[in-house]
Amino acid sequence: MTAENYAFIRLLVQAFDDLGLGEVEFLPGSVTRDGLHRFFRILAVHRGSFDGLLSRMDEEGVGGIFVRPCLQVPGGNIRDRAKKLYFQTLILIKRYFEGEKSASLVKIKAVAAYLADLLRRSEETLIGLTVIKNYDDYTYNHCLNVAILSLGLALRLGMSKKLLVSLGTGALVHDIGKVRIPAEIINKPGILTEDEWKVVKRHPVEGLAFLLRRWGISRETARMFPAVLEHHLGMSFSGYPEFMRRKAPGFLARIIHIADFYDAVTTPRVYNKSPFSPVEAMEFLMDHSGDRFDPVLVKAFVQMMGLYPVGTVVRLSTGEWAMVVEKPSEAVPLDRPVVAVVADDRGVPLRPRRLDLSEEPVEVVGVSDQSPWEIGLDPTRVTLTLSE
Ligand SMILES: [Fe+2]
């Protein structure tokens with residue numbers, strides 16, 4: 001280090017400490033000299049939160065530079081950090097869908113990158129959080145769960161960082177077009193009429209139009225927009241929208257299609273109070289592998305979700321009933337997930353208790369074909385009230 005750059009390095013270290021900055025990434029070919037100047041000027045003068053830094057970068061049009069928060073929050077384990085990120089992201093998605101200017105593309109991209117980082121460190125923790133559903137504000141949780149499942153799948157396929165960010169960003173907003181669908185159609189308890197169904201089927205196109213207006217065309221958005229437009233298309237073209245020419249969905253759309261299907265059918269809706277159990281959803285995916293869903297991706301998805309996907313209701317060798325809350329980590333046998341014990345051997349409900357089957361002489365002896373809701377269990381409540 002020379003005397004001239006000492007002050008600069010000090011400024012950077014200070015900024016990393018003060019703002020909770022963990023990583024800065026410069027995308028080759030996307031950063032201009034002017035953009036770099038603006039970025040370092042902001043770092044030198046900004047004295048606020050990490051969130052504020054993102055807003056400043058957005059206001060000043062700094063492009064091609066990704067910043068990510070530091071993951072080493074003192075005193076917090078990865079489960080706490082993942083939960084915090086989950087709920088912060090929900091707020092961000094809600095704000096974005098409601099048209100708040102503060103919820104910008106820069107922030108959504110940063111969250112997508114942060115989710116990918118956490119997934120890389122602890123896939124089981126993040127995937128465990130996808131059992132969190134919200135019956136009333138379905139769309140926000142759905143978009144976030146789809147982003148987690150899509151990114152998890154993409155990481156297993158070794159996708160590049162650049163594509164991961166495009167995929168995660170696209171997944172986080174993939175249903176933005178639903179804001180244009182009247183609430184009475186979205187929340188209709190019965191079967192939709194043909195006209196109402198036509199309105200619903202327009203949401204990928206409406207979503208694309210919205211994002212085009214908001215974010216414009218760039219190399220980054222051009223990668224993610226097809227994923228938003230084609231996330232219901234399916235391999236057999238049986239989905240929507242209908243194109244003039246038969247066109248296979250892009251790779252990112254095929255990933256989102258699987259994650260979207262899985263999360264949607266395992267979540268109760270106003271028109272369907274008895275969703276698929278995780279095992280039923282996996283069976284459907286496998287049954288339609290090759291026609292509706294990309295077979296290679298289905299295979300990777302099945303491997304990712306594991307033998308007992310999170311949310312599966314199981315019987316233990318103690319006779320107790322439990323719900324799977326975390327798949328086993330890499331080093332642990334496939335049949336030893338982390339569960340929440342929810343009822344005793346007579347089916348009497350218990351306060352959910354966390355039990356890591358890799359550490360206990362207890363085994364899974366049976367799998368229920370019912371979803372948690374069908375037996376009066378709310379997976380969100382179980383996950384959030386779990387005692388160690
Ligand atoms: Fe959708």
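Counting starts at 1 for both ligands and their atoms, in listed order. Bear in mind that the values here come from a model prediction, so they are computed numbers and not experimental data.
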Q: May I ask you to check whether Asp260 brings an N, O or S atom to under 2.8 Å from the Fe ion (ligand 1)?
A: no

Test side-chain hydrogen bond (donor to acceptor under 3.5 Å, both in side chains), reference Asn145, set Tyr140, Tyr262, Tyr86, output is Tyr86

Intermediate values then yes/no, side chain to side chain donor-acceptor pair (under 3.5 Å), His231 and Asp175 = CA-CA 9 Å; His231 74 271; Asp175 266 344; 3.2 Å; yes

Ser166 (side chain) donor-acceptor with Met224 (main chain) under 3.5 angstrom
no

(message) Could you check whether His174 and His142 have their ring centres less than 6.0 Å apart?
(response) yes

- Task: Verify the ring-centre separation between Phe261 and Phe284: is it less than 6.0 angstrom?
- Result: yes

Looking at Asp175, the N, O or S atom sitting nearest the Fe ion (ligand 1) is OD1

Original post:
Within His174, is some N, O or S atom less than 2.8 Å away from the Fe ion (ligand 1)?
Top reply: no

The atom name of the N, O or S atom in His232 nearest to the Fe ion (ligand 1) is NE2

Note: NE2(His231)-the Fe ion (ligand 1)-NE2(His203) angle, rounded to 10 degrees, equals 100°

